[in-house]
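Here's the structure, in C-alpha cells; my notes come after.
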Protein chains: 2
Amino acid sequence: MDPKKITIQDIADYANVSKSTVSRVLNNTTPVNDKKREAVLRAVKDLDFEPNSLASGLAGGNSMIIGVQTQKIGSPFYDLVTRGVIHCLTDTRYSPILVDGVWDKEIELRGIDTLLRRQIDGLIIIGGDIEKEHLLRLAAKKPLLLVGREVEGLQDRCLYVDNFDIGYQATKFLIELGHRKIVHITGIKAHQDSVRRLNGYLHALKEANIPYDEDLVYEGAFDGPSGVKAIDTVISRGKKFTAVFAANDMSAFGARLALYRHGIDVPSEVSLIGIDDQTEAPYMTPPMTSVRQPAFKMGVAAGNAMLDLLMNKEIDLPKPSVQISVRESTAKAE
Amino acid sequence: MDPKKITIQDIADYANVSKSTVSRVLNNTTPVNDKKREAVLRAVKDLDFEPNSLASGLAGGNSMIIGVQTQKIGSPFYDLVTRGVIHCLTDTRYSPILVDGVWDKEIELRGIDTLLRRQIDGLIIIGGDIEKEHLLRLAAKKPLLLVGREVEGLQDRCLYVDNFDIGYQATKFLIELGHRKIVHITGIKAHQDSVRRLNGYLHALKEANIPYDEDLVYEGAFDGPSGVKAIDTVISRGKKFTAVFAANDMSAFGARLALYRHGIDVPSEVSLIGIDDQTEAPYMTPPMTSVRQPAFKMGVAAGNAMLDLLMNKEIDLPKPSVQISVRESTAKAE
DNA sequence: TATATTTATGAAAACGGTTTCAAGCCATTG
DNA sequence: CAATGGCTTGAAACCGTTTTCATAAATATA
C-alpha cells in the first residue's frame with residue numbers, strides 16, 4: 001500500500017543539511033541560517049514531506065493527542081460538550097481521541113487505559129462514574145479536566161453547571177406562573193445530576209410552601225419513552241396537575257406527546273418545561289420552554305482550558321450560568 | 001507530571017528475559033516457554049505496565065488508529081454515522097481520531113493531512129466535497145471507505161443510500177395518498193444529496209403526470225429556520241398545497257412550526273414528511289412521518305468493513321435500504 | 001550415533017523523529 | 001592581536017517498541 005515514505009533524512013540529504021537542522025526549521029526551535037531554512041522548506045515542498053507524528057511523539061514526549069471520554073454517544077448534553085471540545089481542538093496541533101464510557105464504570109476504566117496507552121497529553125472526562133480516588137490518581141499523571149462533574153480535591157479542574165440550581169430555577173419559574181401541582185419527571189436516579197435536579201425541585205416547592213406529593217414525581221430515564229410513561233402514569237394515578245418539569249428535553253418531548261394523546265392542551269391546560277434546550281426544542285408545537293445549559297460552550301471552554309494547562313498556564317474555569325429559554329409551552333396557571 | 005514510566009525493558013529485567021521475549025508474549029507472535037511467559041505476565045501485573053502505543057506504532061508500522069472525517073459536527077445524519085463508527089471500534093484494538101471537514105474542501109484537505117501525519121491505518125470519510133481524483137490518490141495510500149458518497153472508481157468502497165430513490169419514494173408516498181400539490185424544501189443545492197433528492201421528487205411527479213411547479217420548491221439549508229422560511233415563502237407566493245416533503249427532519253420541523261403559526265393543521269390540511277427519522281421525529285405533535293436512513297448502522301457497517309479491510313479480507317458493503325416510518329403527519333388528501 | 005531440522009531465545013538493528021553536546025565560526029572586547 | 005562570548009550546526013544518543021538474524025538447544029531423521 002504505502003509507497004516508500006519520505007523521512008526527515010531525505011529532506012536533510014536533499015537540502016544538504018543535517019537531520020537536526022531540518023527538525024529545527026520544522027519546529028522553529030532554534031534560529032537557522034536563512035539560506036538553509038529556505039532549502040529545507042523547498043525540500044519539504046518538493047518531496048511532499050509529511051512528518052510522522054508517532055515518531056515525534058515518541059522522541060519529543062508529546063503525543064499531541066488529547067483523550068476525550070464521553071458517555072453514551074447519542075445523548076444530547078454529552079454529545080454537545082464533546083462537539084465543543086472537538087471544535088475547539090480543530091486547527092490546533094492537538095487531535096482528540098474519543099472513547100465512550102457508556103456510563104459503565106468498568107468500560108470507562110478500560111477506555112481510560114486505551115487512552116493512556118496512546119500517551120495522550122491530556123484527558124477530558126465528560127460525566128461518568130469513576131470514583132474520586134481514581135480521578136485523583138489520574139490527575140497526578142496527566143493534565144485532567146472534568147466536565148459535568150463536581151469532584152472535591154479537583155475543584156479547579158471541574159466544569160459543571162449547578163444542577164440543584166437548574167431544578168430550582170425551573171420549578172420556581174413554574175411556581176411564579178402560578179402552578180402548584182407540578183409533575184417532575186426525573187432522570188436516571190443513579191446519576192448525581194438527576195438527584196440534584198430533583199432536590200432543586202423539592203427546595204423550590206418547600207420555599208413556596210407547596211406540600212410535596214410523591215405521586216407527582218416519576219423516575220424517568222432521560223429519554224422519550226419514559227416521558228410518555230411518566231404522564232400516563234401520573235394520569236392513571238388520578239392526579240391533577242397543571243405543569244410538568246422534565247429532567248431533560250427528550251423526556252419533555254415524550255411528555256408533550258403523551259399530553260397530546262390525552263387531549264390535554266399545552267400550555268393552556270398544562271405547562272411544560274425541559275432542560276438542555278436542544279436544537280429541536282424551538283420547533284416543537286408549541287415551541288418548548290427549556291433551561292439552557294451552554295453545553296457546546298462548556299466543551300469549548302474545556303478544550304481551551306486543556307490547551308492552557310498544556311502550556312502550563314493558570315486556568316480559570318468559568319462557572320457556566322444557565323438561563324431559561326422561555327417559549328410557548330409555559331403559561332400562567334389560570 | 002509523569003513519574004518514571006515502566007518500559008518493556010523493566011519488564012524484561014524483572015522477568016529475567018530479553019525485551020524480545022517480552023514483546024513476543026505481549027503480542028502472541030511467537031511461541032514462548034510457559035515459565036517465561038508466566039514470569040513476563042506476572043511482571044506486567046506487578047509493575048503495572050502499559051505499553052506505549054506510539055513506540056509500537058513506530059516500530060511495527062501500524063498506528064492502530066483509524067481516521068474519521070465527518071462534516072459539520074452537530075448535523076443529525078453525519079453525527080449518527082460517526083457514532084456508529086466509534087461504537088463499532090470500541091473494544092477493538094483500534095481507536096478513532098475525528099476531524100471535522102465542515103463541508104469545506106480546504107478544511108477537509110487539511111484534516112486529512114492531520115490524519116495522515118498521525119499514520120492512521122485506515123480512513124473513513126463521511127460526506128464532504130473532496131474531488132474524485134484526490135480520493136483515488138488517497139485510496140492508493142491507505143485503506144479508504146466513503147460513507148454517504150458515490151464515487152466512480154471506488155464503488156466497492158462507497159457506502160451510501162440512493163438519494164434519488166429517497167426523494168422518489170417520499171414523493172410517491174404522498175402522491176399515493178392523493179396529494180398533487182406538493183411542496184419540496186430542498187437541502188443545500190451544492191450537495192449532491194440534495195440534488196438527487198430533488199430529482200427523485202421530480203421523477204415521481206412526472207411519473208404521476210403532475211406538472212412541475214417551481215413555486216412549490218424552496219431551497220433550504222437542512223435546518224430549522226430554512227424550513228420555516230420555506231413555508232412562509234410558498235404561502236406568500238399565494239400557492240395552495242396539501243403536502244410538504246422536506247429534505248431532512250430539521251427542515252421538516254421548521255415547516256411544522258410554520259404551519260402551526262399559520263394555523264394550518266397537520267395532517268388534515270397539509271401532510272408533512274421528512275428524511276432522517278431523527279430520534280425526535282416520533283415525538284413531534286403529531287408524530288412525524290419520515291424516511292428512515294439507517295445512519296448508525298451505516299457507521300457500524302463502515303467500521304466493520306474497515307476492520308475487514310485491515311485484515312485483508314474481502315469486503316462487501318451493504319446497499320442500505322431505506323424505509324418510511326409512517327406516522328401521523330401524513331394523511332389522505334381529501 | 002552423526003546429521004539435518006526445527007524451536008526458543010537474545011543481541012542488535014530498525015522505525016523517524018528530537019535533543020544534548022561539542023565544535024566551528026564569527027564578531028566583539030580589552 | 002589574543003581572548004571571550006554568542007550563534008549556528010552536525011554527530012550521536014535517545015524515545016520504547018518490533019523484527020530480523022544468528023545462535024544455542026532440542027528434536028527428528030537417517
Side-chain angles (χ1 to χ4, degrees), chain A residues 1-41 43-44 47-65 93 114 116-121, chain B residues 1-41 43-44 47-65 93 114 116-121:
Chain A
M1 193 114 240
D2 279 306
K4 66 285 156 224
K5 277 271 181 193
I6 304 283
T7 78
I8 203 178
Q9 183 65 64
D10 299 321
I11 301 299
D13 295 346
Y14 189 96
N16 269 312
V17 296
S18 70
K19 294 196 312 178
S20 332
T21 302
V22 176
S23 172
R24 289 194 261 258
V25 348
L26 256 31
N27 300 304
N28 267 315
T29 161
T30 297
V32 162
N33 178 292
D34 273 353
K35 293 197 81 159
K36 301 204 175 184
R37 141 169 284 109
E38 243 176 73
V40 169
L41 260 21
V44 168
L47 303 185
D48 195 22
F49 169 69
E50 289 281 3
N52 180 329
S53 308
L54 294 183
S56 45
L58 180 59
N62 302 111
S63 64
M64 302 311 248
I65 294 179
R93 312 188 29 194
T114 304
L116 291 178
R117 271 204 179 73
R118 296 216 177 263
Q119 312 302 119
I120 50 170
D121 289 339
Chain B
M1 190 115 243
D2 280 306
K4 66 285 157 226
K5 277 270 183 195
I6 304 282
T7 78
I8 203 178
Q9 183 66 64
D10 299 322
I11 302 299
D13 295 347
Y14 189 95
N16 269 312
V17 296
S18 69
K19 295 196 311 179
S20 332
T21 303
V22 176
S23 172
R24 290 193 260 256
V25 349
L26 255 31
N27 301 303
N28 267 315
T29 162
T30 298
V32 162
N33 179 292
D34 273 352
K35 293 197 82 160
K36 301 204 176 186
R37 141 170 283 110
E38 243 177 73
V40 169
L41 260 21
V44 168
L47 302 186
D48 196 21
F49 169 69
E50 290 280 3
N52 181 328
S53 307
L54 295 182
S56 45
L58 180 58
N62 301 112
S63 65
M64 302 311 243
I65 295 180
R93 311 187 29 191
T114 304
L116 291 178
R117 270 202 180 72
R118 296 215 177 264
Q119 314 301 119
I120 49 168
D121 289 338

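Throughout, a chain's letter reflects where its sequence line sits, starting with A, and its residues are numbered from 1.
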Quiz item: How does protein contact run along nucleotides 14-23 of chain C, one letter per nucleotide 5' to 3', with B for base contact, S for sugar-phosphate only, - for none, heavy atoms under 4.0 Å?
Solution: -BBBBBB---

Quiz prompt | Qualifying residues under side chain to side chain donor-acceptor pair (under 3.5 Å), relative to B:D13, sequence neighbours excluded | solution = B:Q9

Exercise. Please name all residues satisfying side chain to side chain donor-acceptor pair (under 3.5 Å) with A:T114, sequence neighbours left out, ordered by chain then number.
Key: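 Applying side chain to side chain donor-acceptor pair (under 3.5 Å) to A:T114 gives none.
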
Practice problem: Quick one: which residue pairs count as a salt bridge (charged side-chain N to carboxylate O under 4.0 Å, His left out) with a foot in residues 20-30 of chain A, not counting sequence neighbours? | Solution: none

Exercise. Not counting sequence neighbours, list each pair that qualifies as a salt bridge (charged side-chain N to carboxylate O under 4.0 Å, His left out) and has a residue in residues 47-56 of chain A.
Key: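 For residues 47-56 of chain A, and leaving out neighbouring residues, the salt bridge (charged side-chain N to carboxylate O under 4.0 Å, His left out) pairs sorted by first residue read A:E50-B:R117.
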
Quiz item: Where is the tightest heavy-atom contact between B:I11 and B:F49, given as atom of each residue plus distance?
Solution: CD1-CB, 3.6 Å

Practice problem: Taking atom types as modelled, find out whether A:T21 and A:S18 have a side-chain donor-acceptor pair closer than 3.5 angstrom. | Solution: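 Result is yes, a qualifying pair exists.
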
Quiz item: Would you say a side-chain N or O of B:T21 is under 4.0 Å from OP1 or OP2 of C:dG10?
Solution: yes

Quiz prompt | Backbone of B:V25 reached by a side-chain donor or acceptor of B:T29 within 3.5 Å | solution =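 Between the backbone of B:V25 and the side chain of B:T29 there is no qualifying donor-acceptor contact (under 3.5 Å).
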
Practice problem: Give a yes or no on whether the backbone of A:G57 and the side-chain of A:N62 come within a donor-acceptor separation of less than 3.5 Å. | Solution: no

Quiz item: Within the structure shown, what part of the strands sits under 4.0 Å from A:T30 by heavy-atom distance: base, sugar-phosphate, or nothing?
Solution: base

Quiz prompt | Terminal contacting nucleotides, 5' and 3', DNA chain D versus chain B (heavy atom, 4.0 Å) | solution = D:dG16 to D:dT20

